[in-house]
Amino acid sequence: MAHIRRKFVDVLQSQALAVSEAAIPRIAELYAVEKGARGLQPEERVRLHQSRSKSLPDDLEIWTTE
């Protein structure tokens, strides 16, 4: 996701497109889940990812396609 986020940041800085402005917070949701998972046991990390971040990449793909 870091590579995808970087591309949106580059576009935002060079062209200030609304799509980039909207995409960055969506990607930040994934980063927030990862931040919350730090220090958890592997089983807890899996549960957290399944409950909070499993659908985020799919939602981002659908959003960008629309």
Tell me which donor-acceptor pairs under 3.5 Å the side chains of residues 31-48 have, and how far apart each pair is, sequence neighbours excluded?
unit_1	atom_1	unit_2	atom_2	d
E34	OE2	H49	NE2	2.5
E44	OE1	Q41	N	3.0
R45	NH1	A37	O	3.0

Could you go through residues 55-66 and list every donor-acceptor pair under 3.5 Å that involves a side-chain atom there, pairing it with any protein atom two or more places apart or in another chain?
unit_1	atom_1	unit_2	atom_2	d
T64	OG1	L60	O	3.2
T64	OG1	E61	O	2.9
T65	OG1	E61	O	2.8

Residues in side-chain hydrogen bond (donor to acceptor under 3.5 Å, both in side chains) contact with R26, at least two apart in sequence or another chain: none
For the student: nearest non-hydrogen atoms of A22 and P25, plus distance: O-CD, 3.4 Å
